[in-house]
K.L.:
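One structure, pasted below without further comment.
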There are 2 protein chains.
Amino acid sequence: MKIGELARRTGVSIRMLRYYEQEDLLAPGRQESGYRDYSESDEIVVRRIQMLTEAGLKLDAIRELLPCILTDDPSFQPCDNLRAILQRERRKMDAQIDRLQASRDMLGRYIDQTG
Amino acid sequence: MKIGELARRTGVSIRMLRYYEQEDLLAPGRQESGYRDYSESDEIVVRRIQMLTEAGLKLDAIRELLPCILTDDPSFQPCDNLRAILQRERRKMDAQIDRLQASRDMLGRYIDQTG
DNA sequence: CTTGACCCTGACAGCGCTGTCAGACCTTAG
DNA sequence: CTAAGGTCTGACAGCGCTGTCAGGGTCAAG
C-alpha cells in the first residue's frame with residue numbers, strides 16, 4: 001500500500017512514516033514510480049512503534065526492540081535482552097518520575113510558604 | 001561584580017546568565033567598558049531562578065513569578081496571583097507525572113508479557 | 001489531454017535551553 | 001608595553017521529534 005493509506009490506517013502522519021524509515025525502523029519497498037510500497041508486516045511494525053511510543057520510549061530504544069518483537073510467534077525470543085531493555089527503560093522512567101515528584105513537592109512547599 | 005564572578009558564586013554558567021538577561025529575567029547595569037555589572041540583588045535573583053528551575057519551572061513561568069518574590073519582605077505580596085501561578089504549575093506537573101506513570105505501567109505490562 | 005489528488009526529496013522552523021566558537025575589545029599583572 | 005585572561009556580540013549546533021513548504025514527478029478519472 002502507499003504511504004497515504006498506511007497513514008490513514010494507523011493514524012501516524014505521513015511525515016512520521018518517512019521519519020521512521022529515515023531512522024531505520026521501517027524499510028518499505030519501492031514501486032517503479034519511486035513511491036513507497038508498504039506491506040502488511042510494515043503496518044504491524046508501525047503499530048508496534050505506536051504502542052511503544054505511547055509507552056514513552058524514544059525511537060532509539062524502539063529500534064533496539066523491533067528485531068525482537070516482530071516475529072509472528074510472541075513466545076519466540078531471538079533476543080535475550082528484550083526484557084532487559086524494557087527494564088532499563090522502566091528504570092529510566094522511574095528516575096524521571098522521581099525527579100518530577102521532587103520538583104512537585106518543592107513547589108508545594110513554596111505554595112505553603114505563600115500561605 | 002562582573003559576570004565571571006557571579007557565575008563562580010552561583011554556579012550558573014556565563015552563557016546562562018546572559019540568556020537570563022536576554023529573556024528579561026535579569027537587567028544588570030553596564031560599566032563604561034560595556035561589561036555587565038551585577039549587583040547584590042541580581043545575585044539574589046539568580047538564586048531565586050535557580051531554585052525555581054530546580055523545582056521544574058520553565059523560564060516563562062519564572063518570569064511571571066519574579067516580580068512577586070523579589071521584595072525583601074517575603075510576607076508582602078504585590079501579586080495576588082503568585083500562589084495561583086504556583087498552583088497552576090503544580091497542576092501541570094501532576095499531569096505530567098500521571099502521563100509518565102501511565103507509560104511506566106504500560107511498560108511494566110510488556111515486561112510481564114515477556115515472562 | 002487536463003485536472004486534482006497523491007507522492008517524491010530536501011530543507012527550514014520550533015520547542016527550551018545550553019555549549020561552543022569566532023572575532024574583537026578591555027583589564028590587569030609583570 | 002606585552003601577554004594572559006576576562007568580556008563582548010552574534011551565530012551555529014544539538015536534543016527528538018513534528019509540521020510545513022517548495023519544486024517537481026505520478027496516477028487516476030473525466
Side-chain angles (χ1 to χ4, degrees), chain A residues 1-39 42-43 45-46 48-66 89 92-93 95-96 99-100 103, chain B residues 1-39 42-43 45-46 48-66 89 92-93 95-96 99-100 103:
Chain A
M1 80 194 84
K2 286 184 287 184
I3 198 169
E5 191 184 341
L6 182 55
R8 231 169 294 120
R9 284 200 199 184
T10 61
V12 174
S13 74
I14 290 180
R15 178 68 176 87
M16 289 313 295
L17 289 176
R18 294 202 265 242
Y19 184 62
Y20 290 164
E21 182 177 355
Q22 179 186 325
E23 294 295 305
D24 290 323
L25 301 182
L26 214 48
R30 295 281 177 152
Q31 294 172 351
E32 292 192 0
S33 58
Y35 285 13
R36 288 174 180 76
D37 189 12
Y38 294 92
S39 65
D42 284 330
E43 182 176 345
V45 172
V46 172
R48 289 277 194 281
I49 295 174
Q50 264 181 313
M51 292 171 65
L52 293 168
T53 296
E54 276 172 31
L57 296 189
K58 306 199 165 179
L59 291 192
D60 282 358
I62 296 179
R63 186 190 302 110
E64 284 185 274
L65 290 176
L66 276 186
E89 293 303 317
K92 276 199 214 168
M93 234 168 266
Q96 201 179 338
R99 272 197 303 276
L100 214 48
S103 297
Chain B
M1 81 194 84
K2 287 184 287 186
I3 198 169
E5 191 185 341
L6 183 56
R8 232 170 293 118
R9 285 201 199 184
T10 60
V12 173
S13 75
I14 292 180
R15 178 69 177 86
M16 287 315 292
L17 290 176
R18 294 204 264 242
Y19 184 62
Y20 290 163
E21 183 178 354
Q22 179 186 324
E23 294 295 307
D24 291 323
L25 301 182
L26 215 46
R30 294 282 178 151
Q31 294 173 349
E32 292 192 359
S33 59
Y35 285 13
R36 288 173 179 78
D37 190 12
Y38 293 94
S39 67
D42 283 331
E43 182 175 345
V45 173
V46 172
R48 289 276 193 283
I49 295 174
Q50 265 181 312
M51 292 170 64
L52 293 169
T53 296
E54 277 172 28
L57 268 61
K58 307 202 164 176
L59 292 192
D60 281 358
I62 296 178
R63 187 189 302 112
E64 283 185 276
L65 291 176
L66 276 185
E89 293 303 316
K92 276 198 215 169
M93 234 169 269
Q96 202 178 338
R99 270 197 304 276
L100 214 48
S103 296

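Order of the sequence lines sets the chain letters (A, B, ...), proteins ahead of strands, with each chain counted from 1.
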K.L.:
From D:dC8, D:dC17, C:dT18, pick the nucleotide closest to the side chain of B:Tyr19?
P.N.:
C:dT18

K.L.:
Starting from P on D:dG16, measure out to CZ on A:Arg63 and report it in whole angstrom.
P.N.:
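In whole Å, D:dG16 P and A:Arg63 CZ are 10 Å from each other.
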
K.L.:
Take the protein atom CD1 of B:Ile14 and the nucleotide atom P of C:dT20, then report the distance between them rounded to whole Å.
P.N.:
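Interatomic distance, CD1 of B:Ile14 to P of C:dT20: 12 Å.
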
K.L.:
OP1, OP2 of C:dC8 versus side-chain N and O of A:Arg18: anything below 4.0 Å?
P.N.:
yes

K.L.:
Would you say the side chain of A:Tyr35 and the base of D:dG25 hold a donor-acceptor pair, judged only by whether the two atoms sit under 3.5 Å apart?
P.N.:
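Present.
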
K.L.:
Given D:dG25, is OP1 or OP2 found less than 4.0 Å from the side-chain N or O atoms of A:Ser33?
P.N.:
no

K.L.:
Just N and O in the side chain of B:Arg36: are any of them under 4.0 Å from OP1 or OP2 of D:dC8?
P.N.:
yes

K.L.:
Mark yes or no for whether A:Asp37, through its side chain, and A:Met1, through its backbone, hold a donor-acceptor pair below 3.5 Å.
P.N.:
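Confirmed, A:Asp37 side chain pairs with A:Met1 backbone.
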
K.L.:
Where the side chain of B:Ile3 is concerned, which of D:dT7, C:dC17, D:dG19 is the nearest nucleotide?
P.N.:
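Within the option list, the nearest is D:dT7.
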
K.L.:
What is the distance from CD1 of B:Ile49 to C1' of C:dC17, rounded to the nearest Å?
P.N.:
14 Å

K.L.:
Which residue lies toward the 5' end of DNA chain D, B:Gly4 or A:Thr53, if each is placed at its nearest nucleotide?
P.N.:
B:Gly4

K.L.:
On DNA chain C, does the nearest nucleotide to B:Glu32 precede the nearest nucleotide to B:Asp60 from the 5' side, or the other way round? Give the residue.
P.N.:
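Nearest nucleotide further toward 5': that of B:Asp60.
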
K.L.:
Roughly, in whole Å, what's the span from CD in B:Gln31 to C1' in D:dT7?
P.N.:
10 Å

K.L.:
Can you measure B:Leu57 atom CG to C:dC17 atom P for me and round it to whole angstrom units?
P.N.:
10 Å

K.L.:
Identify whether the distance between the nearest side-chain nitrogen and carboxylate oxygen of A:Glu89 and A:Lys92 falls below 4.0 Å.
P.N.:
yes

K.L.:
Please report the interatomic distance CG(B:Leu57) to CZ(B:Arg63), rounded to the nearest 0.5 Å.
P.N.:
12.5 Å

K.L.:
Among D:dT7, C:dC8, D:dT18, find the nucleotide with the atom closest to the side chain of A:Arg30.
P.N.:
C:dC8

K.L.:
Measure from CG on B:Asp24 to P on C:dC17 and round the result to the nearest Å.
P.N.:
14 Å

K.L.:
Is there a side-chain contact between A:Val46 and A:Leu26 (heavy atoms, below 4.5 Å)?
P.N.:
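Heavy-atom side-chain distance check passes, below 4.5 Å.
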
K.L.:
Considering only D:dG19, C:dC25, C:dC17, which nucleotide approaches the side chain of A:Arg15 most closely?
P.N.:
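Closest nucleotide to the A:Arg15 side chain: D:dG19.
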
K.L.:
What's the OH-C1' distance between B:Tyr20 and C:dG16, to the nearest Å?
P.N.:
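That distance rounds to 12 Å.
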
K.L.:
Without decimals, in angstroms, what is the distance between B:Glu5 CD and C:dT27 P?
P.N.:
16 Å

K.L.:
Test side-chain contact (heavy atoms from CB on, under 4.5 Å) on A:Tyr19 and A:Leu59 and set out the steps.
P.N.:
CA-CA 10 Å; A:Tyr19 184 62; A:Leu59 291 192; 3.5 Å; yes

